Number of protein chains: 2
Amino acid sequence: MNLLTPPIDSTPPASSDAGLPIAAVERETGLGKDTLRVWERRYGFPTPLRDSSGDRLYSAEQVQQLKLISRLLDFGLRPSKVVSLDNAALQALLTQHAPAPAAILSKTNIGNDATDPVIKELLHAIGTHDPRALQHGLSHAQLRMGLAPFVIDLAAPLTTAVGEAWAQGRFEIFEEHLYTEVLTGVLRHAIASLTSQLVPQGPRVLLTTVPQEQHSLGLLMVEALLTLDGCTCVSLGTQTPLTDIVQAALAHRADVVALSFSNMNKTAVVQTSLRELRARLPTATALWVGGTCTALYQWPLSEASAVQHLSGLQPLVAQWRHAH
Amino acid sequence: MNLLTPPIDSTPPASSDAGLPIAAVERETGLGKDTLRVWERRYGFPTPLRDSSGDRLYSAEQVQQLKLISRLLDFGLRPSKVVSLDNAALQALLTQHAPAPAAILSKTNIGNDATDPVIKELLHAIGTHDPRALQHGLSHAQLRMGLAPFVIDLAAPLTTAVGEAWAQGRFEIFEEHLYTEVLTGVLRHAIASLTSQLVPQGPRVLLTTVPQEQHSLGLLMVEALLTLDGCTCVSLGTQTPLTDIVQAALAHRADVVALSFSNMNKTAVVQTSLRELRARLPTATALWVGGTCTALYQWPLSEASAVQHLSGLQPLVAQWRHAH
DNA sequence: AAATCATTTTTGTCTTAGACAATTAATACC
DNA sequence: GGTATTAATTGTCTAAGACAAAAATGATTT
């Protein structure tokens, strides 16, 4: 039962370096208690200290390494290959497995081999914990560039850059959270401004994500672009059960169901979901999918139209309009 | 990366009448796997069926009873007294211990014994899948009532009403999702309008929720009220690991860390989280907690200031200002 | 009575070691 | 190069036992 209360006998106030019990590590790392124990048994890591009653006490270092391991597993690596590595090796793998850092960025700019200075400035605002500068910088860029270029050429690559920086350990989770929060505010503000002065037309689009998919930024970017293009968007936010997606599509008489997938999804889950959705949705209802999920583009999808890049959204709308 | 969600949301064993595996029951009831097993050993309930490989399969009835038991435990009853009771006895105890059903709604209106007509109208807009009417109704009410009364007397009770309607099967999940999405837009718009024309002062408040806590509406309502009151808010959105909450509080030099808890949290998790946060945050940093989580108010909290109702927020700010 | 302290019961969580099914990698075969 | 078959990997489950924090009970004093 010794949960998070570090040893009472030793030093009550400043004993946080004694180690974290297994339940705390589960919450910090997202790795289940059973998994932690079985890793210790199989791979010899982590081997935590024990308190007076034999319970595990993980050091802060071990927890840090576990976080790195957890990130590597998200990249598709197997536990047997990474769990027993030391800190340096983990770091090396992380920098190696992070996709080309400025690959996406360079494509968005006109042959600019260096990173966009605006993006660098915004990244700096995140790293220095300056939400006002971040908010101001984003709003300003949105007004200057216009909504569509802002989303496609700035927000999307910046989000990728932040995600990569986090994966490489250059950003903490809370810094990514703050970025998400501020950008969400800017995007929602833009969408709200649009909807108030727009004639409802175009396809009626239902926007959401499947369960387990928590990323909401992609959804918001799509909503912004579609709304800008004159579509009538209804967003359900993230994590809607498949049954409810179908129900909602019927209830709102949606012409299109648009789903966003991040790379955290298992390919099997993605394909199964799409197949089931396609089977249960009316034939007349189109299914559009997009996002950073690699599983969407590796195999040709018969069930849905896959949009790998946000710039592919507008042609899809034009195509739909032409067909109706 | 197993994110604490043992089974897929949609169809754990596909055949729902066969029974739920123990991980699904943990998610449904909030009772830990160890607890479920030790109850079976000690009190003889629940005694689930087993699948071909000996794993437990809980019937829907047992899960239902476990939910009732869990609620009774939140009221302070002891497991030995309730775990082995049958369904009827549990129901009896619940009606005995249940608080006033419409207490929140009736308190908000001036002696109005019927539900607020505006709330009824908005509930109707949700049920008829009319996002524009919902959006318009909420925005209009916000402008008419003013932000603080809108949040306290309309948004909060309406959210409760929607949650209850969903629990009773009168709303589908996608209808609740739509409501959440629209209200989020309205609240964020109000907050954005505030921050653009406000002098930064008051306490610097860091807003977020602990992992596993996904509800973002409460957080937004609090952010609206605090910002209105002149506080400088930094929100990290939902589900920030405890370590990062501490890091963020330091990085942003927060005077206050404010957390929101919904009722889906295990009481043990809530108390453990608060204790650990309190231990790791600077003594000068205040800890404010609120939300619908009964565990916050059942026992006196020494670690944090608990705000059961949104109207209690402003006094807390005033008190902080007076002390500084 | 009421309050303080010591003792017993209750209760959730942790421990061990083993087992199994589902996924993923590797191999053989056409 | 594909494709079916076998082998390895991996997360989760089970069992009974143990222990400390919390709660209830009892004894003693104010």
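Worth saying up front: this structure is predicted, and the values here are computed from it rather than measured. The chains referred to below are lettered A, B, ... by the order of the sequence lines, with proteins before strands, and numbering in each begins at 1.
- Looking at heavy atoms from C-beta onward, W39(A) lies in side-chain contact with L31(A) at the 4.5 angstrom threshold.
- E26(A) has its CD atom 12 Å from the P atom of dT15(C), to the nearest Å.
- Listed pair K33(B) / dT12(D) fails the phosphate criterion, with no side-chain N or O lying under 4.0 Å from OP1 or OP2.
- Between the side chain of R71(A) and the backbone N or O of W166(A), at least one donor-acceptor pair lies under 3.5 Å.
- The shortest distance between the side-chain N/O atoms of T35(A) and the OP1/OP2 oxygens of dT12(D) is below 4.0 Å.
- The 5' end of DNA chain D is approached more closely, in terms of each residue's nearest nucleotide, by W39(A) than by the other of S53(B) and W39(A).
- Contacts between residues 40-48 of chain A and DNA chain D, counted as heavy-atom distances below 4.0 Å, involve R42(A), Y43(A).
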For nucleotides 23-25 of chain D, print each protein N/O atom paired with a nucleotide N/O atom at under 3.5 Å, atom names and distance only.
{"from": "dA23(D)", "atom 1": "O3'", "to": "R78(B)", "atom 2": "NH1", "distance (Å)": "3.2"}

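- At a threshold of 4.0 Å, the pair R50(B)-E40(B) counts as salt-bridged, since one of the basic side-chain nitrogens sits closer than that to a carboxylate oxygen.
- Taking every side-chain heavy atom of D55(A) into account, dT15(C) is the closest of dT15(C), dT9(D), dG11(D).
- The pair R37(B)-D34(B) meets the salt-bridge criterion, since a charged nitrogen lies less than 4.0 angstrom from a carboxylate oxygen.
- Sequence neighbours left out, not one pair with a member in residues 77-86 of chain A passes salt bridge (Lys or Arg N to Asp or Glu O under 4.0 Å).
- Remark: side-chain polar atoms of T285(B) are not paired, donor with acceptor, to backbone N or O of L281(B) under 3.5 angstrom.
- Residues passing the side chain to side chain donor-acceptor pair (under 3.5 Å) test with N87(A), sequence neighbours excluded: none.
- Of all heavy-atom pairs spanning P211(B) and P241(B), the tightest one is CG-CA, 3.7 Å.
- Proximity of R56(B) to the phosphate of dA15(D): a side-chain N or O atom is located under 4.0 Å from OP1 or OP2.
- The side chain to side chain donor-acceptor pair (under 3.5 Å) test applied to R170(A) returns Q168(A), not counting sequence neighbours.
- If you check every strand for non-hydrogen atoms under 4.0 Å, R37(A) touches a base.
- Here the nucleotide nearest the side chain of I22(A), chosen from dA20(D), dG12(C), dC14(C), is dC14(C).
- Distance L73(A) CG to dT23(C) P: 17 Å, rounded to the nearest Å.
- Look at CG on L36(B): it is 16 Å from P on dA16(D), rounded to the nearest Å.
- Taking atom CD of residue Q271(B) and atom P of nucleotide dG12(C), one finds them 13 Å apart after rounding to whole Å.
- Rounded to an integer number of Å, the gap from Y58(A) OH to dC14(C) P is 10 Å.
- What separates CD1 of I69(B) from P of dG12(C) is a distance of 11 Å, to the nearest Å.
- If you take CG of D34(B) and C1' of dA16(D), they are 12 Å apart, rounded to a whole angstrom.
- Residue pairs meeting the side chain to side chain donor-acceptor pair (under 3.5 Å) criterion with at least one partner in residues 236-247 of chain B, sequence neighbours excluded, are E28(A)-T243(B), H177(A)-T240(B), T208(B)-T240(B), T243(B)-R280(B).
- Atom CZ of R50(B) and atom C1' of dC13(D) are 10 Å apart (whole Å).
- Take the nearest nucleotide of DNA chain C for P79(B) and for G54(A): the residue whose nucleotide is more 5' is P79(B).
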